[in-house]
Amino acid sequence: MAATDKPLDFLWFIPSSGDGAYLGSDDLSRPVDPGYFREIATAVDRLGYSGVLIPTGVACEESFVLAADLAARTEQLKFLVAVRPGTASPAYYARLASTLDRVSNGRLLLNIVVGGSAQELAGDGVFLGHDERYDHADEFFKVFNELLETGKSTLDGKFIKAIDARLGLPPVQQPRPPLYFGGSSDAAIDFCGGMIEKYLTWGEPPAQVAEKVERVRKSAAAKGREVSFGIRLHFIVRETDDEAWEAADRLISKLSDEAIEAAQAVFAKASDSVGQARMVALHNGRRDKLEVSPNLWAGIGLVRTGAGTALVGSPKTVAARLREYQEIGIDTVIASGYPHLEEAYRVSELLFPEIGLGGPRNQIRSSFGERQVFGGGGHGGNVKLASAS
Ligand SMILES: Cc1cc2nc3c(=O)[nH]c(=O)nc-3n(C[C@H](O)[C@H](O)[C@H](O)COP(=O)(O)O)c2cc1C
């Protein structure tokens with residue numbers, strides 16, 4: 001079976017540090033509001049997405065707590081939740097992960113976030129150099145994984161001391177919830193080959209993604225393992241290519257050059273992440289050449305850290321671009337769009353039919369079989385046309 005024959009695993013994103021219709025402007029912005037996150041989660045649970053990524057950071061709601069709240073209100077949605085080694089012990093994180101997997105009945109996915117800002121890490125009490133963070137993570141996840149898989153672990157390591165650590169209650173998923181991870185440095189790729197199930201990349205052009213996929217495959221193969229691959233991208237999908245590009249322009253239409261400069265200066269100062277540097281290198285803070293590869297637009301990265309690119313176009317165009325990533329080996333997409341509630345509907349309604357995804361789940365039939373056309377049927381209802389047989 002060709003890589004493109006299998007439908008993508010398609011997740012959405014919970015904007016747990018805020019949302020809006022325009023980047024770099026307070027116009028039509030939405031505050032951080034638990035009720036809004038519930039609206040997004042319940043919508044995407046019905047719209048055919050398999051899960052949501054919940055980010056982590058000082059500006060975000062705490063991801064395990066938020067996931068527990070959203071899990072209680074959804075039926076099938078999975079939650080990709082960050083574990084940040086160093087912010088708590090592996091034994092404590094194992095208890096958090098196991099309980100979240102239990103209360104959600106096996107809907108937890110774990111995202112290893114080692115961190116890419118020395119400043120933010122110092123606030124959490126982590127004072128390790130860039131590459132040392134991965135040595136630390138290696139010890140951390142040995143204990144964490146062993147606890148989730150067997151209920152006990154001991155390690156007298158260089159960074160982690162866990163003496164006769166125990167986990168009383170096992171997770172629902174066996175042997176444990178899967179580990180996802182994104183990091184582009186050599187140290188990251190060396191670390192992840194031996195540890196994770198799914199490697200995540202931000203939305204770089206296909207050639208650059210292919211190069212990383214190859215490096216990760218080699219790193220895993222050297223340890224006798226296989227890893228699968230996912231991509232994190234924004235989407236601006238409209239009925240036509242022109243409309244989609246207009247929407248992209250509108251998203252940054254209130255963004256000033258000063259705001260771009262200020263954001264880029266903060267990234268340069270606060271981040272030692274190789275992945276982040278690769279994102280910035282796509283546009284270098286310039287707004288005049290943002291289509292960095294066909295239909296891949298870097299406008300979001302002018303002011304947003306992390307995922308900074310969007311696929312822009314009609315459903316057919318975007319589906320064709322996604323197939324290029326699938327051919328490289330990508331089987332999972334973590335998508336988003338501004339604002340996240342409306343764009344979740346757009347992506348599901350316009351793009352999913354083009355990429356073989358089912359769209360809304362749990363639909364209750366809306367007729368006894370007559371063909372219906374929306375609108376005009378009295379009180380705004382449907383017009384029944386004829387038998388559908
Ligand atoms: C899909 C994806 C999601 C990420 N989510 C977060 C996040 O929620 N919070 C965060 O601080 N870093 C996040 N990161 C950043 C990485 O976890 C990593 O800590 C950082 O980029 C350092 O990597 P480096 O090895 O490329 O230097 C994410 C990266 C990717 C690819």
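Only this structure's heavy atoms are used, side chains among them; waters, hydrogens and symmetry mates stay out. Ligands are counted one by one from 1 in listed order, and the atoms in each one are counted from 1 as well. None of these values were measured; they are calculated from a predicted model.
For atom 9 (N) of ligand 1, the closest non-hydrogen atom of the protein is Thr56 O, 2.8 Å. Here the heavy atom of the protein found nearest to atom 10 (C) of ligand 1 is Val113 CG1, 3.3 Å. In this structure, the protein non-hydrogen atom closest to atom 20 (C) of ligand 1 is Ser273 OG, 3.6 Å. In this structure, atom 3 (C) of ligand 1 lies nearest to the protein heavy atom Asn111 ND2, 3.9 Å. Distance from atom 11 (O) of ligand 1 to its nearest protein heavy atom, with residue and atom name: Arg84 NH1, 3.4 Å. Nearest protein neighbour of atom 23 (O) of ligand 1, counting heavy atoms only, is Tyr134 OH, 3.2 Å. Closest to atom 2 (C) of ligand 1 among all protein heavy atoms lies Trp202 NE1, 3.7 Å.
For the ligand labelled ligand 1, residue Phe181 lies outside the 4.0 Å heavy-atom shell. Contact analysis leaves Arg278 out of contact with ligand 1, as no non-hydrogen atom separation drops below 4.0 angstrom.
By the criterion of a heavy-atom distance under 4.0 Å, neither the backbone nor the side chain of Gln276 is placed next to ligand 1. Looking at Glu120 against ligand 1, nothing comes within 4.0 Å, counting heavy atoms.
For the 3.5 Å distance criterion, the side chains of Glu146 and Ser153 qualify, holding a donor opposite an acceptor. No side-chain N or O of Ser219 forms a donor-acceptor pair with one of Asp190 less than 3.5 Å apart. Under 3.5 Å, the side chains of Ser293 and Arg321 contain no donor-acceptor pair of N or O atoms. No hydrogens or angles considered: a donor-acceptor pair under 3.5 Å links the side chains of Asp241 and Ser314.
Heavy-atom contacts of Gly115 reach the following atoms of ligand 1: 19 (O), 22 (C) (cutoff under 4.0 Å). Per-residue contacts place Gly183 under 4.0 angstrom from the following atoms of ligand 1 (heavy atoms of the residue considered): 23 (O), 25 (O), 26 (O). Which parts of ligand 1 touch Ser185 is read off a 4.0 Å heavy-atom cut-off, strictly below it: atoms 24 (P), 25 (O), 26 (O), 27 (O). Contact atoms of ligand 1 toward Pro55: 8 (O) (distance under 4.0 Å to a heavy atom of the residue). Each of the following atoms of ligand 1 lies closer than 4.0 Å to a heavy atom of Ala188: 25 (O). Of all the atoms in ligand 1, the ones that sit under 4.0 Å from a non-hydrogen atom of Ser184 are 24 (P), 25 (O), 26 (O). Using a 4.0 Å cut-off to heavy atoms of Gly182, the atoms of ligand 1 that qualify are 16 (C), 17 (O), 18 (C), 29 (C), 31 (C). Annotation for ligand 1: atoms under 4.0 Å from non-hydrogen atoms of Val274 are 24 (P), 26 (O), 27 (O).
Residues Leu108 and Lys78 are not in side-chain contact: their nearest non-hydrogen atoms beyond the backbone lie 4.5 Å or more apart. Considering only heavy atoms from C-beta on, Phe235 stays 4.5 Å or farther from Ser336 through its side chain.
By the 30° and 60° cut-offs, the orientation of the rings of Tyr134 relative to Phe181 is perpendicular. The aromatic rings of Phe140 and Phe144 lie parallel to each other, their planes meeting at an angle below 30°, with 60° marking the opposite boundary. Using cut-offs of 30° and 60° on the angle between ring planes, the pair Tyr338 and His234 is parallel.
Note on Arg287 versus Asp257: salt bridge recorded, some NZ/NE/NH1/NH2 to OD/OE distance being below 4.0 Å. Salt bridge status for Arg107 with Asp101: absent, with no side-chain N to carboxylate O gap under 4.0 Å. Using a cutoff of 4.0 Å between basic side-chain nitrogens and carboxylate oxygens, Arg133 and Asp135 are not scored as salt-bridged.
The distance criterion of under 3.5 Å between nitrogen or oxygen atoms is met by Gly275 with respect to ligand 1. Among the atoms of Arg232, none of the N or O lies under 3.5 angstrom from an N or O of ligand 1.
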With salt bridge (charged side-chain N to carboxylate O under 4.0 Å, His left out) as the criterion, how do Glu342 and Arg30 come out once you've worked through the C-alpha distance, each side chain's angles and the decisive distance to 0.1 Å? CA-CA 13 Å; Glu342 290 88 329; Arg30 292 179 188 163; 2.6 Å; yes
